[in-house]
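Encoded as structure tokens, the structure appears first; notes follow it.
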Amino acid sequence: MINIRFPDNSVKEFEAGVSSLEIAESISPALAMQVYASTVNGEVRDLSRPIIEDSSVIFHKWEDREARHTFWHTSAHLLASALEELYAGIKFGIGPSIENGFYYDVDPGEGVVISESDLPAIEARMKELAKEKRKVERIEMSKADALKLFEEKGDEYKTELIRDLEDGTISLYSLGTFTDLCRGPHLPDTANIEAIKLLSVAGAYWKGDEKRKMMTRIYGVSFPKQKLLDDHLKMLEEAKKRDHRRIGKELELFAFSQKVGMGLPLWLPRGADMRQRLIDFMTAELKHRGYTIVSTPHIGNVELYKISGHYEKYGADSFQPMNTPQEGEQFMLKPMNCPHHCEIYNATPHSYKDLPVRMAEFGTVYRYEQHGELHGLTRVRSFTQDDAHHFCEADQMKEEFKSIIDLVQWVFKSLNFSDYKAQISLRDATNKEKYIGNDENWEKAQKAIIEAAGEKGLETKVVEGEAAFYGPKLDFMVRDAIGREWQLGTIQVDYNLPERFDMSYTGADNQKHRPVLLHRAIFGSLERFVAVLIESTAGKLPLWLSPDQVIILPISEKYHDYAKKVLNLLNNYDIRTLIDERSEKIGKKIRDNELKRIPYMLIIGENEERSSTVSVRKQGEGDKGIMKTEEFVDFIREQVKKELE
RNA sequence: GCCGAUGUAGCUCAGCUGGUCAGAGCAGCUGAUUUGUAAUCAGCAGGCCGGGGGUUCGAAUCCCUUCAUCGGCUCCA
């Protein structure tokens with residue numbers, strides 16, 4: 001007999017070799033129906049796997065990540081199983097669970113294409129297989145045997161994966177006739193996989209290497225109940241409605257033109273208004289925080305980027321240099337503001353008493369992003385960074401770093417941005433040739449970032465190998481409407497440019513010293529930031545930022561004069577106001593302006609005119625009752641003030 | 001850049017297997033209506049069916065090519 005300890009610390013005895021599913025059944029059959037995986041002694045395991053010693057057991061229901069991942073992992077195998085039946089000679093890469101579902105990378109063979117129109121048939125076969133309640137069985141064998149098995153099958157991808165594994169026992173899982181190299185865990189059988197939806201097909205390089213074969217990746221999601229799937233699909237639909245590309249068009253914020261060129265956003269008047277407001281908002285705060293504002297040209301001599309190292313690293317993948325009529329002169333569209341800022345630093349002598357120097361610019365940069373990468377406003381070829389560079393002494397670095405984190409937190413809070421993550425990116429110590437700079441400086445910089453983040457109480461994820469080529473960084477990431485992660489703010493340490501630009505300051509010892517450079521952006525790029533803002537608010541921008549704040553809706557033409565009086569009053573207080581003068585019924589005017597997401601509507605007719613009032617209606621909420629017009633002015637001003645507090 | 005898909009009026013979309021297939025709704029314009037909290041009515045105007053080749057007696061519809069967009073992959077200073 002063995003002792004099984006549960007999360008509530010109770011202990012029960014079972015026979016050795018009992019499975020966690022059997023334990024769940026012994027507690028209650030209802031529980032057994034709801035669990036999909038278990039954690040045994042800290043390791044997530046198959047429910048069907050025998051437990052042979054005293055152990056602690058935690059059951060995972062659907063609400064737990066572990067349960068969903070197990071469920072989706074088995075679903076991926078089910079997908080593979082169906083594919084193996086439907087496509088003779090198909091070969092398999094990897095098929096993991098992901099945050100919202102699963103995928104399988106396959107090579108259907110020369111000349112065979114799996115496209116979205118094939119998905120329903122595959123899905124149908126998966127459902128049939130699931131209904132057969134196929135058992136999922138774990139098989140363990142030596143690496144050599146596993147290798148032999150997959151070599152006989154002729155599956156070169158699996159054999160490659162096995163060769164990469166360390167020697168020892170390898171686990172495989174079989175589901176019906178399909179056997180896969182797999183660490184697990186899995187569901188005991190497929191009976192619970194009731195609702196399945198294959199979502200899309202895409203290309204994906206084998207092992208993420210663009211030099212290797214492009215596999216066909218099939219994405220899907222599955223649930224134990226149809227209702228859950230329906231809800232999930234509905235949620236995806238709703239998310240699509242928040243897409244900034246759609247809202248940007250609807251609300252006439254920005255546009256793209258093939259004639260101007262792909263990835264080059266055009267800010268329409270309303271979008272430009274909002275963008276400028278963000279710039280003003282940030283600029284005011286920067287002045288409070290000891291920044292100076294600078295301005296630099298959109299192009300720079302190619303030599304500048306040779307000095308900075310950007311030319312060597314990115315020159316081939318940039319917009320190519322432009323030539324002047326004078327021979328031998330070459331200029332590049334600037335892909336970065338920092339080299340220009342370095343030259344601003346060098347334009348005047350510096351003493352340790354001046355440091356830190358904090359230099360900010362809303363600098364527009366141009367990067368030749370790959371064709372397939374362009375995406376609305378989040379990935380463009382021309383964008384404006386709220387860029388700044390801090391030049392400081394080495395021992396000021398951490399404080400500067402902390403002050404920047406503080407600024408990011410303040411800005412995000414001001415904009416009600418709570419759903420962001422912070423990521424520290426370090427270099428890949430096993431692949432140093434990807435980076436420039438010496439070990440000592442890298443170590444120092446990485447340490448300073450980690451400590452600064454820690455001292456600001458910032459919860460961070462540390463990722464190795466994601467650093468910029470010149471230094472480690474701390475990025476602030478957010479998700480868009482369809483779940484993609486984007487980098488907004490970033491803080492980066494750079495020992496490299498001060499070296500390359502031979503920057504210096506005079507210390508208290510009257511000697512020349514090298515400053516440390518910190519790059520930082522808070523919004524990141526205005527384009528991307530606006531995109532994320534649109535998606536997180538579904539286009540319902542905060543009052544202070546909204547291009548139009550109030551629209552006056554006269555009941556009929558008779559009240560246009562009064563409407564204009566109200567308009568003038570509001571305009572005098574810088575409340576951005578419009579009048580809807582169309583000869584439409586009030587219901588129609590309300591509907592149209594609701595859809596335009598104008599924060600407040602003022603309905604005025606006979607009653608309002610007679611009593612010098614307005615009928616206030618809030619976007620998305622409805623009628624808020626009658627107010628004296630002056631009262632409304634105060635109310636709006638108060639709201640704006642509150643938002644920016 | 002790579003894989004797959006898509007591309008019809010400003011927007012959302014119909015147009016099956018090639019032969020009144022160039023359509024609808026919204027937006028726009030004109031007129032009527034003068035309206036009380038999410039769509040008043042009528043009329044008009046709008047498209048070389050992304051561009052270029054081809055197959056065919058005949059192409060929005062089939063093929064090739066090119067451009068752009070979408071979903072991914074790779075990349076992201």
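Every chain is numbered from 1 and lettered A, B, ... according to where its sequence line falls, protein lines coming before strand lines.
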Euclidean distance, atom [atom1] of residue [X] to atom [atom2] of [N] [Å, nearest integer]:
| X | N | atom1 | atom2 | value |
| --- | --- | --- | --- | --- |
| Leu553(A) | A39(B) | CG | P | 14 Å |
| Lys434(A) | A77(B) | NZ | P | 10 Å |
| Leu304(A) | A77(B) | CG | P | 18 Å |
| Met336(A) | A77(B) | CE | C1' | 5 Å |
| Asn337(A) | A77(B) | CG | C1' | 11 Å |
| Lys211(A) | C73(B) | NZ | C1' | 14 Å |
| Glu527(A) | C76(B) | CD | C1' | 15 Å |
| Asp209(A) | C3(B) | CG | P | 16 Å |

Contact pattern, 5' to 3', of [range] - B, S or - by protein heavy atom under 4.0 Å:
| range | answer |
| --- | --- |
| nucleotides 9-16 of chain B | -------- |
| nucleotides 66-72 of chain B | -SSSSBB |
| nucleotides 25-37 of chain B | --S----BBBBBB |

Knowing that exactly one of Trp442(A), Tyr495(A), Tyr470(A) qualifies, which makes a ring-ring contact (aromatic ring centres under 6.0 Å, His included) with Tyr435(A)? Trp442(A)
Both distances below 3.5 Å, Watson-Crick or wobble geometry, any strand: find the nucleotide opposite [N].
| N | value |
| --- | --- |
| G25(B) | C11(B) |
| A42(B) | U30(B) |
| U6(B) | A68(B) |
| U20(B) | none |

Give a yes or no on whether Gln330(A) atom CD has more than 12 heavy-atom contacts from other residues, nucleotides or ligands under 6.0 Å away. yes
Counting only heavy atoms not in Lys197(A) (residues, nucleotides, ligands), do more than 12 fall under 6.0 Å from its NZ? no
Quick check against the 3.5 Å criterion: does [X] have a side-chain atom that pairs as donor or acceptor with the backbone of [Y]?
| X | Y | value |
| --- | --- | --- |
| Arg500(A) | Ile307(A) | yes |
| Asp387(A) | Ala360(A) | no |
| Gln487(A) | Met477(A) | no |

Looking only at atom P, what distance separates G47(B) and A39(B), rounded to whole Å? 32 Å
Identify the residue among Gln492(A), His389(A), His341(A) that makes a side-chain hydrogen bond (donor to acceptor under 3.5 Å, both in side chains) with His519(A). His389(A)
Nearest nucleotide by nearest heavy atom, which residue falls closer to the 5' end of RNA chain B, Tyr368(A) or Glu210(A)? Tyr368(A)
Name the residue closer to the 5' end of RNA chain B, choosing between Arg528(A) and Arg591(A) according to the nucleotide with the nearest heavy atom. Arg591(A)
Do Asp105(A) and Trp206(A) meet the criterion of a side-chain donor-acceptor pair at a distance under 3.5 Å? no
So, His73(A) and Ser97(A): side-chain donor and acceptor under 3.5 Å apart, yes or no? no
With sugar-phosphate meaning primed atoms plus P, OP1 and OP2, does Tyr470(A) contact a base, only sugar-phosphate, or nothing at under 4.0 Å between heavy atoms? sugar-phosphate
Tell me what Lys473(A) touches on the nucleic acid: a base, only sugar-phosphate, or nothing, going by heavy atoms under 4.0 Å. sugar-phosphate
Show every donor-acceptor pair shorter than 3.5 Å between a side-chain atom in residues 296-304 of chain A and any protein atom, with sequence neighbours excluded, or say none if there are none.
residue   : atom : partner   : partner atom : Å
Thr296(A) : OG1  : Lys334(A) : NZ           : 2.7
Thr296(A) : OG1  : Glu361(A) : OE1          : 2.9
Thr296(A) : OG1  : Glu361(A) : OE2          : 3.1
His298(A) : ND1  : Tyr366(A) : OH           : 3.0
Asn301(A) : OD1  : Glu303(A) : N            : 2.9

Taking the six-membered ring where the residue is Trp, are the ring centres of Phe331(A) and Tyr305(A) under 6.0 Å apart? no
Strand contacts (RNA chain B) in residues 422-430 of chain A, 4.0 angstrom heavy-atom criterion: none
The correct set of residues in residues 312-321 of chain A placing a heavy atom under 4.0 Å from RNA chain B is Tyr314(A), Ser318(A)
Donor-acceptor pair under 3.5 Å, Arg379(A) side chain vs C75(B) base: yes
Taking the six-membered ring of [Y], is the NZ or CZ of [X] close enough (under 6.0 Å from the centre) and on axis enough (within 45°)?
| X | Y | result |
| --- | --- | --- |
| Lys91(A) | Tyr157(A) | no |
| Arg217(A) | Tyr103(A) | yes |
| Arg528(A) | Phe523(A) | no |

Would you call Lys618(A) and Glu621(A) a salt bridge, taking side-chain N to carboxylate O under 4.0 Å as the test? yes
Which label fits G46(B), syn or anti, where anti is any glycosidic angle not within 90° of 0? syn
